[in-house]
Structure formats: structure tokens, C-alpha cells
Asks: 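Have a look at this one.
For clarity, every value in this text was computed on a predicted model and none was experimentally measured.
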Amino acid sequence: MKTVCFYFQVHQPWRLKTYRFFQMGNDHNYLDDFTNRAIMQKVARECYLPMNALLLSLIREGKGAFKFTFSITGSAVEQFKAYAPEVLESFKQLADTGCVEFLGETYSHSLASLASVDEFKNEVKLHTAMLKEEFGVKPTAFRNTELIYSDEIAQSVEAMGFKTMLAEGAKHILGWKSPNFVYTDAVDNKLRLLLRNYKLSDDIAFRFSNEGWNEWPLTADKYADWVASETGDIVNLFMDYETFGEHQKAASGIFDFMKALPAALQSRGIEFATASEAAKKLQPVAVLHCPYAMSWADEERDVTAWLGNDLQNEAFRKLYALAPRVKKAKNKDFDFVWHFMQNSDHFYYMATKWLSDGDVHSYFNPYDSAYEAFINYMNVLADFEIELNKL
Amino acid sequence: MRVLMFGWEFPPHIAGGLGTACYGMTQGLARNDVEVIFVMPKASGDEDQSFVKVVNASDIEARYCDSSIEGADDIMRKISFIHIDSNMVPYISPEEWATYREGYERTGKKFWERKGDSWTQRYTFSGKYGANIMEEVARYAVVAAEVARQLEGQFDVIHAHDWLTYFAGIAAKRVSGKPLVVHMHATSFDRSSSDNIDTRVYEIERAGMAAADMVIAVSNLTRNIVINKYNIEPEKVVAVHNAVQFAENDNPVPERGVEDKIVTFLGRITFQKGPDYFIEAAAKVLHRVPNVRFVMAGSGDMMNHCIRRVAQLGIADRFHFTGFLKGDDVQKMFQLSDVYIMPSVSEPFGISPLEAMRSNVPTIISHQSGVAEVLDYAIKVNYWDVDAMADAIYGLITYPALAKMFSEKGMDEVNNLKWINAAVKIKDVYQQAIDKCK
């Protein structure tokens with residue numbers, strides 16, 4: 001019997017306001033409150049609230065058969081609390097059903113795993129504490145920011161006590177192998193890996209409403225047929241939660257599609273499992289070697305969307321150079337800034353690769369150019385450092 | 001003596017380098033008993049309207065007059081303004097012009113009414129001139145001939161500023177038979193990288209200077225270019241350095257947010273301003289002293305290149321970009337600075353160091369700027385010599401006595417650069433031109 005594992009990523013970055021040189025040293029409020037509020041409330045209205053309600057009703061109808069997995073970042077939870085507390089409540093309601101698994105990840109949706117093991121562990125620890133506090137759960141499966149994965153990162157994740165990790169079913173890593181099986185890490189084979197089926201995931205996440213796509217319109221029955229015809233044990237459908245109602249608008253029929261999908265899959269003998277359940281239930285078939293970091297982003301499936309040019313590397317270096325001083329400061333206000341400055345999104349805005357994936361980049365980007373994004377970020381960082389040095 | 005002057009802007013409509021210079025110059029001339037009729041294209045957008053409109057200065061004197069100067073009314077009475085309806089707007093490239101014009105035809109909205117400014121991108125000469133701006137130059141010449149005809153007998157000499165008005169100057173000379181003086185505020189060689197110049201602009205400049213009876217260059221540097229690269233007879237080229245007239249600065253000193261020393265570059269970020277040399281020098285200084293920040297204020301076609309270079313050198317936490325500064329922010333930037341630097345590769349004159357000195361800021365300038373010829377109390381380096389530049393920056397931020405000397409003496413020096421003195425020289429040039437034509 002084939003299994004489908006749904007995992008939805010919930011994240012909102014803290015967006016910086018336009019912060020000019022003249023403000024440096026005088027103004028320490030770095031956030032664009034208006035934009036952050038406006039975006040959070042819009043996404044809450046169009047995606048989080050209706051989709052959470054839909055999932056809740058599907059769980060109730062499924063009587064325990066329909067299950068899925070969430071990963072929610074600390075930055076998103078902070079913004080729920082600030083701007084849309086009812087969203088946080090609806091996530092808690094889902095958590096209480098017992099049919100939802102919450103994954104461990106970095107608190108700030110950060111790139112800390114590429115900076116240092118210490119910072120990575122701090123971020124994950126903080127996120128685990130947040131899950132306990134808000135949802136009363138302790139995560140056993142892990143997903144790193146943007147599904148960034150390498151043999152080295154796998155070792156850190158395993159050392160932190162996780163049993164399962166999610167990664168991209170990247171062609172350049174898998175080669176002829178299929179993502180539809182469970183794998184293990186390459187070093188000591190203790191961490192079980194679930195790999196994203198990017199073709200079927202992106203059919204929903206990117207292509208669903210594309211009228212130029214030759215499979216448009218996509219119906220639940222057609223899609224369920226595709227899933228059923230896949231070879232292997234498991235189909236991992238990993239995507240941003242904002243797909244539902246935000247990237248794919250309600251008018252595209254995405255909610256109706258998702259409403260019909262569980263029944264369509266079940267009628268073809270397919271069952272659901274959360275990430276940890278699936279990894280436990282299924283036998284790993286092979287090890288996965290990944291010496292260099294891969295991710296689920298862009299055509300290259302590597303980390304060049306965040307660390308692919310001089311601007312990004314410079315900002316990244318300068319940010320993490322502050323880590324020891326922030327740690328020493330032991331100050332809540334500084335910690336808050338320190339975390340939102342780590343949002344991977346800031347680095348994404350500085351990307352200069354605009355060919356095949358340009359439209360995805362510009363969709364998410366509040367800046368006119370990578371250079372503007374860089375200047376603004378560095379101005380904020382400079383002020384943060386000045387304040388840090390005053391302590 | 002009476003002058004028919006062709007310019008293209010005058011404060012307060014566009015307050016930038018040339019307009020400001022014309023403003024100071026006409027005042028200086030008026031105080032030397034020279035009457036000026038100032039003709040400029042007034043961009044109205046209505047191309048079909050007939051062209052000449054004489055505006056009496058008394059109608060607008062409240063806007064132009066600096067009442068703090070004794071006898072200002074008198075001076076302004078000697079200056080008449082003539083506005084000519086034209087779409088010609090200075091300092092924008094023909095590509096921009098075409099874009100704006102399309103926008104106007106589509107929406108009926110004139111771009112010069114939009115917020116922001118046409119200054120940010122001036123002189124972005126790329127060698128792809130469309131026919132349109134040249135047509136405007138020619139049209140301005142036709143209009144100028146008409147102006148000269150109507151004002152016959154009311155002027156003794158014609159004075160044309162920069163290449164856009166040269167055809168107008170030539171036309172007026174032909175119609176009236178009066179001597180022509182052309183004023184080179186910049187050359188094609190200052191506007192483009194290397195010798196890759198716009199040949200059409202070069203030809204107009206050369207034709208203007210060839211037809212002129214006298215040529216005024218804003219510095220010896222420019223005079224040499226005129227002689228060597230345009231083949232103009234040295235006898236008829238005279239260098240008259242610009243002066244400055246400052247608006248009273250009553251801005252409060254802005255609150256300083258950072259304790260570090262601030263070294264500022266302010267200007268267009270383009271090849272001829274030498275921004276990349278500033279970055280290399282900054283990296284060298286930061287290698288030695290940590291408590292200094294560098295600011296590059298302005299925008300331009302090399303900005304992204306500069307940002308990348310700063311990131312490559314790993315100094316982005318101490319090297320800041322402000323983007324284009326508007327209004328009071330320019331003054332604020334000067335006031336926040338501890339050192340001002342102008343590393344221009346080629347600068348006909350360069351007024352910004354004077355503004356910095358006026359704010360008590362010690363200044364470093366390149367030998368390749370006209371202003372270097374008139375200043376003693378500024379550190380001068382070759383633009384390519386980043387070691388010397390770094391050295392000068394280091395000295396000014398590390399030794400207070402040195403900085404104090406340059407800021408105090410520099411203030412005195414800059415206060416002595418008066419238009420009234422420069423105007424005496426210009427008047428003398430007029431006289432030579434008139435004598436030549438006798």
C-alpha cells in the first residue's frame with residue numbers, strides 16, 4: 001500500500017523598513033511594521049484561516065486516516081502573536097487533533113546550518129522550545145531551512161536527537177534513484193530521509209493555476225491517478241503552506257481541489273502518514289550521499305539563491321561574525337533582532353540570478369534590486385553592531 | 001556693456017551646477033555694470049506655440065532676489081529674463097528625453113512636473129543619440145536668431161553656455177553681427193570614459209568655439225583640453241575660474257548617530273568621478289584604523305559595480321551607500337562628514353569640495369580637477385594614487401591639528417572665491433571680443 005506524506009511549510013520573514021545611513025546610531029526600530037502587519041493579515045485571510053479550517057474538517061471527516069505534517073518557524077509565530085493571534089489559535093486546534101506532526105527546524109528560518117554548528121544548534125533548540133510552549137509537542141523529525149541538506153548537516157541533526165529528516169529529491173543527488181523510497185544518511189545510516197517528489201509537489205505548488213500548462217485544469221481525480229501510478233513506497237508532497245490561497249488564489253479552485261484530494265487518494269488505496277510515521281513504517285532502501293549542500297530552491301537545487309554572490313557572502317559573513325557578542329549580551333531585545341536578521345529571506349532578496357527562476361525571486365522580493373536589498377540590510381546591521389558594542 | 005546670454009536654466013527652477021553658476025555670474029556682472037538679458041529654454045511641452053516671451057525681471061524678482069545683498073533690487077533690474085518655449089531640458093540624455101516625451105504624448109503629463117529631479121542622471125551620454133535632442137538644439141538656434149533680431153541694438157556681445165546653446169549663439173551672431181563668447185563648463189572628454197566620446201556633441205562644441213570670438217574655460221585644465229583636443233587657437237581661450245555663492249546655511253547641525261569618523265564621497269557615481277579609487281583607498285584605511293566609516297552618497301551607472309566591489313573587499317559593514325540625496329540631506333551629509341573627498345578622473349571645475357569646505361570639512365581633491373587650481377588648503381592627490389589617497393584620509397582622521405588647519409584655512413579660502421571678482425575677468429573677455437570685431 002502506497003503512502004502519501006504531506007508536509008506544509010509555514011513561514012513569514014520579518015521585513016525590514018527602508019533604513020538609511022542618516023538613521024544609523026539614532027533609530028533602532030528596524031522593522032517595517034505596516035508591511036509586516038499588512039502581509040500577515042492578508043495571508044491569514046486568504047490562506048492560513050481558510051486552509052486551517054479546511055484541514056480541520058478533512059481530519060474530522062477522515063476519522064484519523066487523514067494526516068499531515070507542518071513546520072512553523074519562530075518568526076511566523078512571532079508575527080501571528082503580533083498581528084493575527086486567531087491564526088495561532090487555529091494551528092493549536094489542529095495540533096490538538098493528534099493527526100498533525102510538527103517538524104523541528106531553525107527558529108528564524110535561518111541559514112545557520114551553513115554558518116556554524118553552534119549557531120545551528122542554538123536555533124534548533126530555540127525552535128524546539130517554542131513548539132513545546134505553543135503546541136505542547138516535541139519534534140522527532142527535522143527539516144532544515146529550504147530543505148538545505150548535506151552529509152555534514154545530517155550529522156548535526158542526528159546529534160540533536162532527531163530520527164528523521166526531510167530533503168529535496170534532487171536529480172543531481174539521486175541520479176537514477178527514485179525519491180519515492182526512504183533513504184538513510186551516508187555517515188552512520190541512523191537518520192532516515194524522506195525526499196520530496198518535486199514533480200508532483202510542484203504540480204500543485206507552482207503549476208496548479210497555470211492555464212498555459214497542458215494539464216490544466218488539474219482535478220483531484222487526475223492527480224490521484226498520477227500519484228497512484230508512481231512507483232515506490234511513498235510520495236512526499238512538500239510545499240509552502242502559502243500555496244493554498246496565496247500563490248494559488250482561491251479563485252483557481254485550489255481549496256476545492258484539496259477538499260476532494262484525500263478521498264480521491266483513499267479510493268485508490270493510498271494512505272496518509274506524517275513524516276515520522278512514514279519513516280518508521282517503511283524500510284530504508286539505500287544511503288544517500290550528499291557532500292555539498294542541496295536545497296529545494298531554483299533549478300540548481302543548491303544554496304546559490306542565498307549565498308551565490310559577493311553581496312550575499314559579505315552580508316552572511318558580517319552577520320555571523322556578531323554571534324559571539326550577541327551571545328555574551330544576553331539581552332532579549334538584541335536576541336529578537338539577531339533572530340530576524342537571520343531570516344534567509346534577506347539573503348534571497350540579494351540574489352542576482354535572474355534567468356529561469358527570476359519570476360519566483362521577484363515574486364517574493366520587496367526591493368527593486370539586489371543592491372538595494374544589500375545596502376538596506378547592511379545599514380541595519382551596522383546600527384545593530386554599534387548598539388551591540390555599546391553594551 | 002550689455003550682454004545677450006544664452007543659458008538653459010536658472011535657479012530656482014533647476015538649481016544645479018550650471019544654473020547656480022549662471023546665477024552667481026549674472027549677479028557678479030550686474031555689480032560690474034554689465035546688463036544681462038538672459039535667454040533660456042523654458043520647457044512648456046507645447047511645441048506648436050510660438051516661441052518668444054519676454055518676462056520682466058520685476059515680475060519674478062521676489063523669487064530670484066537675494067535681499068541680503070545691498071542694492072539687490074538694482075542688480076536684478078539690470079537682468080532681464082526671456083523664456084523660450086521649448087522641450088529642451090538640460091542634463092538628460094536623449095534616451096531619457098525620448099522616454100519622457102512618449103510619456104507626455106500618452107498621458108499629457110509633463111515629466112518636469114513630477115517629483116524627483118532630472119539631475120540624478122545628467123550627462124549619461126552613451127553614444128546613442130536619437131535625432132530628437134539635436135532637433136531641439138537646432139530649433140533653439142532658430143528661436144535665438146529671432147530673439148537677436150527683435151532685440152537688435154540692445155546688446156553689445158553674445159555669451160553662450162555649454163554646447164546645447166552654441167548653435168543659438170552662432171545664429172544670434174550671424175543675425176546681429178555682434179561678437180560671440182562661448183563658455184566651456186565641461187567638455188565631451190569629461191563626460192565619457194576614455195576617449196570614447198560622442199562625436200556629434202564634440203562637433204557642436206568645436207563649431208561653437210571656432211565661430212566664437214573668445215572662449216571662456218572654467219579652468220586651465222579645461223583650457224588645455226580645448227586647445228589640445230579641439231584645436232582652438234590658444235590666444236582666444238581664457239580660463240576664468242568659477243566662484244561660489246552660498247545660500248545662508250541655517251540648518252541645525254544634525255545629530256550625530258555614530259562616533260566613528262566619517263569620510264564622504266558625494267556626487268554622481270560614474271567613471272569620471274573616480275568612485276572606485278575611493279573604495280580602494282577606503283579598504284586600505286580600514287586595514288589600519290577601525291573607527292572610521294565611509295559614505296558614498298549619490299547614484300549613477302557605476303553604483304552597482306561599486307557595491308559589488310565593497311562586498312568583495314569585505315568592508316560593507318563600514319562602507320555605506322545612501323543613494324541619491326535630495327534637498328537638505330546634501331547639507332546634512334556635509335555637516336556629518338569629517339573628511340570630504342573628490343577623486344575625479346576628469347573634472348572641469350568641481351564645486352562640491354567648496355561646499356564641503358564651507359561646512360568646515362577638510363577636503364581631499366584630485367589634481368585632475370579644475371578646482372585644484374584655485375585651492376591651497378585642500379590635500380591634492382592624483383586620482384589613481386590610492387596609496388596617497390589613503391594616506392591623506394588617514395592623516396586627516398588621525399591628526400586633529402591637521403584637520404583643524406585645513407578646515408579653518410579652507411573656510412577663509414572658499415569665502416574669498418567671489419563672483420564679483422570672476423565677473424571682472426569675464427567683462428574683460430567681453431571687451432576683448434568687442435575689440436576684435438571692430
Side-chain angles (χ1 to χ4, degrees), chain A residues 16-30 306-323 325-326 337 341 346-347 349-354 367-391, chain B residues 251-266 269 275 279 282-283 286 290-337:
Chain A
L16 302 176
K17 69 179 178 187
T18 303
Y19 189 90
R20 306 187 57 208
F21 171 75
F22 293 110
Q23 282 152 279
M24 219 180 275
N26 299 322
D27 178 1
H28 315 306
N29 176 17
Y30 308 131
W306 309 277
L307 297 173
N309 65 30
D310 292 331
L311 310 182
Q312 295 167 315
N313 292 331
E314 165 78 350
F316 185 74
R317 264 198 313 270
K318 291 278 141 84
L319 172 69
Y320 283 102
L322 302 180
R325 273 179 275 173
V326 177
V337 177
M341 287 301 279
H346 301 308
F347 299 93
Y349 305 148
M350 301 175 202
T352 44
K353 39 190 258 186
W354 300 114
Y367 297 96
D368 285 343
S369 78
Y371 299 95
E372 262 178 49
F374 175 73
I375 290 172
N376 210 52
Y377 185 84
M378 292 311 293
N379 282 352
V380 170
L381 195 65
D383 183 71
F384 182 58
E385 188 183 4
I386 292 169
E387 290 306 297
L388 202 53
N389 290 342
K390 284 183 186 165
L391 291 179
Chain B
N251 292 343
V253 177
E255 198 189 331
R256 233 186 133 110
V258 289
E259 284 163 20
D260 303 316
K261 298 281 184 188
I262 295 175
V263 182
T264 305
F265 167 106
L266 196 154
I269 305 177
I279 295 170
L286 282 169
N291 61 335
V292 53
R293 288 178 188 274
F294 294 84
V295 177
M296 186 171 277
S299 62
D301 57 11
M302 269 180 66
M303 186 161 172
N304 290 352
H305 164 89
C306 288
I307 297 170
R308 275 201 305 275
R309 184 65 188 143
V310 164
Q312 271 166 9
L313 288 167
I315 54 173
D317 54 336
R318 303 225 146 232
F319 196 113
H320 310 290
F321 293 85
T322 67
F324 181 76
L325 294 185
K326 294 181 188 81
D328 286 347
D329 281 350
V330 174
Q331 204 52 44
K332 206 163 148 188
M333 195 64 245
F334 282 129
Q335 287 172 322
L336 286 172
S337 304

Asks: Less than 4.0 angstrom from a charged side-chain N to a carboxylate O is my criterion; do A:R20 and B:D329 meet it?
Replies: yes
Asks: If we only count heavy atoms from C-beta on, is the A:N309 to A:Q312 side-chain gap below 4.5 Å?
Replies: yes
Asks: If you count heavy-atom pairs under 4.5 Å between each of B:D317, B:N304, B:V310, B:T322 and chain A, which one has the most?
Replies: B:N304
Asks: Taking only residues two or more places apart in sequence, or in another chain, which ones meet B:R318 in a salt bridge (Lys or Arg N to Asp or Glu O under 4.0 Å)?
Replies: B:D260
Asks: Could you tell me which of B:R256, B:R293, B:M303 has the largest number of non-hydrogen atom pairs under 4.5 Å with chain A?
Replies: B:R293
Asks: Considering only heavy atoms, which portion of B:L336 lies under 4.5 Å from any heavy atom of chain A: side chain, backbone, both, or neither?
Replies: side chain
Asks: Donor-acceptor pair, B:Q331 side chain versus B:D328 backbone, under 3.5 Å?
Replies: no
Asks: For A:Y377 and A:M341, indicate whether the former's side chain and the latter's backbone hold a donor-acceptor pair under 3.5 Å.
Replies: yes
Asks: Which members of residues 380-391 of chain A, sorted by number, sit under 4.5 angstrom from chain B on a heavy-atom basis?
Replies: A:A382, A:E385, A:I386
Asks: For a quick check under 3.5 Å, do A:N376 and A:Y367 share a side-chain donor-acceptor pair by atom type?
Replies: yes
Asks: Please tell me if the side chains of A:F374 and A:Y349 come closer than 4.5 Å, counting only heavy atoms from C-beta onward.
Replies: no
